[in-house]
Amino acid sequence: MVLDRSSRPGPKPAACVLLALLLAVQPGRAAEPADRVSARSVVKVRCELPGGEQINSSGFAWPDEEHVVATLHAVAGCRLLIVANESGTAQSFATLGNVNLEGDLALLDLAQPLGITPLRHVEAVPADLRRPYHLWGYPQNLQRILRVDARFGEGLRSVMPLGEAFAGLRGFEDFFTDRTYPKPSAQVLRVTSTFNPGHSGAPILDAEGRVVAIADGTLLGGFRDLNWSIPAHIYLPQLAARSDPKPTTAQRSDLLVGAYTPSTEQSLTVPEQEGHEEISLVLVRTIALARFEQLRREAGEEDPNIDYIRSVVRPEDFARLAFDIYVDEVTGATLAVPSVVDVYWDEAEGLLAAETESGAVAMLIGVLEADDFEGALTHAAADFVEMVVDLAEWTGSSPLDAAFTEVDEAYAKASTASFYEGFDPETGEPVDLNLSMTVSGNQLLGYGVYGPDDLDVLPAEDVVAYLLMQMAVQDLSGFSATADAARSFSGLAP
């Protein structure tokens, strides 16, 4: 694939990344489901700390229009609390009211009502935890609410103490050292779908729009889907009458990650194209490679590729390697890109693109929408494959043969990943393509990492870039949006 370099920024020793974003017109909808109606009662909570930092989280109106439920770790120690509704047309100052230290919940007193309806909650754990549930919240400090799938982990007991839920995970016991909330006795529902910063306090709703649980915490950086939520039927009925002492300082932890406002907001703009409006990929956080390595080790995983990178770069350069996490505000797709990459809009190709000086390594990312889950598996997947199939003359199987190897009809999820071998059509050199596609609801997120078959022919900086791209695709990118997603992104729990 040849890129127009006329709009390319100056050279930078980095990976070559090619981002292709194709967005179909979102289909019309029937009458709103109950959980979407309830989503209008979900609010964005902003906590301004004495040092100038902000923690952004989610919450919801309960038990009346003058109060909001939030997670305590997202609102403790604030010098100023501001709560806003979904449309941004109404906001109110708030003060910390009753708190529940065990369950890490807080009831905020609003200075003035926001004109939203209080939510109802379930009276017991649902009998079927495999039914569709959805998380509505404001992750990563984006401005619009997002509905994402919520999957509860099934065990012999649905509810169990937090201290038991992840017992045996290395370092988890240290979480409770010198911590007053949540407590190891807190009853939790385990969650095996993604939380991200800003999801703290977000309600998990059933099909009737009732609160089943409240998003609270995540383990191993959130990308291993080991998370927990606070069951609403246990903790909400007692919250208004609690007399626990109110914390006066913030209690921070890697497991209770706040969506802290960055010092400067960065974004990548995709101009308006036929079939979709102008969209923006917002940089929501950066994860250092050293931190990523630590999380892998905490999960009991070793990565020889990281060992290789350490062997070819100086320690001070290794410390600067990182991944930028972008979010497509239209679909909720989460895109991880090595932070050393310059990305620019290639008008001739209609793509976001970036290249190393050698141009030997490339990465393609496509975000596509179909009418339904089946359409995403077929039409959207075929469209993405058409974007990458001309990269090489393929030997043996080709990307056109790609098929989904994991399909979960119950949750409308699917994925596939395969390597393809071929020859560069210009140089005749052997090349590889790592093609992966993930479907959530009616949306598809596709990746293609492209480079020489023999990495030894590349300079060390290109090999490093190639390996970072593989990590970004396999471990740090994902698709949090569902077929009915509103605009925004997913994350943990402040």
Basic-acidic side-chain contact under 4.0 Å: Glu164, Arg157: yes
Interatomic distance, Leu129 atom CG to Thr192 atom OG1 [nearest 0.5 angstrom]: 10.0 Å
pair Leu445-Ile365: side-chain heavy atoms closer than 4.5 Å: yes
Nearest-0.5 Å distance, NZ of residue Lys44 to CG of residue Asn85: 12.0 Å
Student check: side-chain heavy atoms of Arg36 and Ser38 closer than 4.5 Å: no
From CG (Asp408) to OG (Ser415), nearest 0.5 Å: 10.0 Å
Heavy-atom closest pair, residues Leu455 and Val463: O-CG2, 3.5 Å
Closest non-hydrogen atom pair, Pro203 against Val42: CG-CG2, 3.6 Å
Heavy-atom side-chain contact between Leu205 and Tyr133 under 4.5 Å: no
Ring geometry between Tyr420 and Trp394 (parallel below 30°, tilted from 30 to 60°, perpendicular above 60°): perpendicular
Side chain to side chain, Phe404 and Leu377, heavy atoms closer than 4.5 Å: yes
For Trp228 against Leu162, the heavy-atom pair lying closest together: CD2-CD1, 3.6 Å
Shortest non-hydrogen contact between Ala336 and Ala472, atoms and distance: O-CB, 3.4 Å
Test item: Asp401 side-chain N/O and Ser398 main-chain N/O as donor-acceptor pair under 3.5 Å: yes
Note: Arg131-Glu208 ion pair, threshold 4.0 Å (strictly below): yes
Ion pair check, Asp317 and Arg314, cut-off under 4.0 Å: yes
Donor-acceptor contact present, side-chain Asn227 to main-chain Ser193, <3.5 Å: yes
Donor-acceptor contact below 3.5 Å, side chain Asp432 vs main chain Glu421: no
Under 3.5 Å: donor-acceptor pair, side chain of Ser229, backbone of Ile214: no
Polar side-chain atom of Thr416 near backbone of Ala403 as donor-acceptor pair, under 3.5 Å: yes
Distance in Å, Asp104 CG paired with Asp216 CG, rounded so as to fall on 0.5 Å steps: 4.0 Å
Check: Val385 and Met437 side chains under 4.5 Å, non-hydrogen atoms: yes
Derivation and outcome, side-chain contact (heavy atoms from CB on, under 4.5 Å), residues Val211 and Ile204: CA-CA 6 Å; Val211 183; Ile204 299 175; over 6 Å; no
Side chain to side chain, Met471 and Leu289, heavy atoms closer than 4.5 Å: yes
Side-chain (Arg144) to main-chain (Glu86) donor-acceptor, under 3.5 angstrom: yes
Straight-line distance of Phe373 CZ to Glu409 CD, nearest 0.5 Å: 5.0 Å
side-chain contact (heavy atoms from CB on, under 4.5 Å) assessment of Tyr466 paired with Val449: CA-CA 8 Å; Tyr466 181 82; Val449 178; 3.7 Å; yes
Check: Tyr450/Asp424 side-chain N/O donor and acceptor closer than 3.5 Å: yes
Short side-chain donor-acceptor distance under 3.5 Å, Asn434 and Gln470: yes
Derivation of the side-chain contact (heavy atoms from CB on, under 4.5 Å) call for His199 and Leu135: CA-CA 9 Å; His199 264 162; Leu135 176 71; 3.4 Å; yes
Student check: side-chain heavy atoms of Pro452 and Val457 closer than 4.5 Å: yes
Heavy-atom side-chain contact between Val125 and Pro231 under 4.5 Å: no
Minimum heavy-atom distance Ala392-Pro425, with the two atoms named: CA-CD, 3.8 Å
Least distance between heavy atoms, Ile145 atom then Ala39 atom: CD1-O, 3.7 Å
side-chain contact (heavy atoms from CB on, under 4.5 Å) assessment of Asp149 paired with Lys413: CA-CA 10 Å; Asp149 289 342; Lys413 300 285 187 181; 3.1 Å; yes
Glu293/Arg297 salt bridge by N-O under 4.0 Å criterion: yes
Euclidean distance, Phe166 CZ relative to Arg190 CZ, rounded to 0.5 Å: 6.5 Å
Side-chain donor/acceptor of Ser57 to backbone N/O of Gly201, under 3.5 Å: no
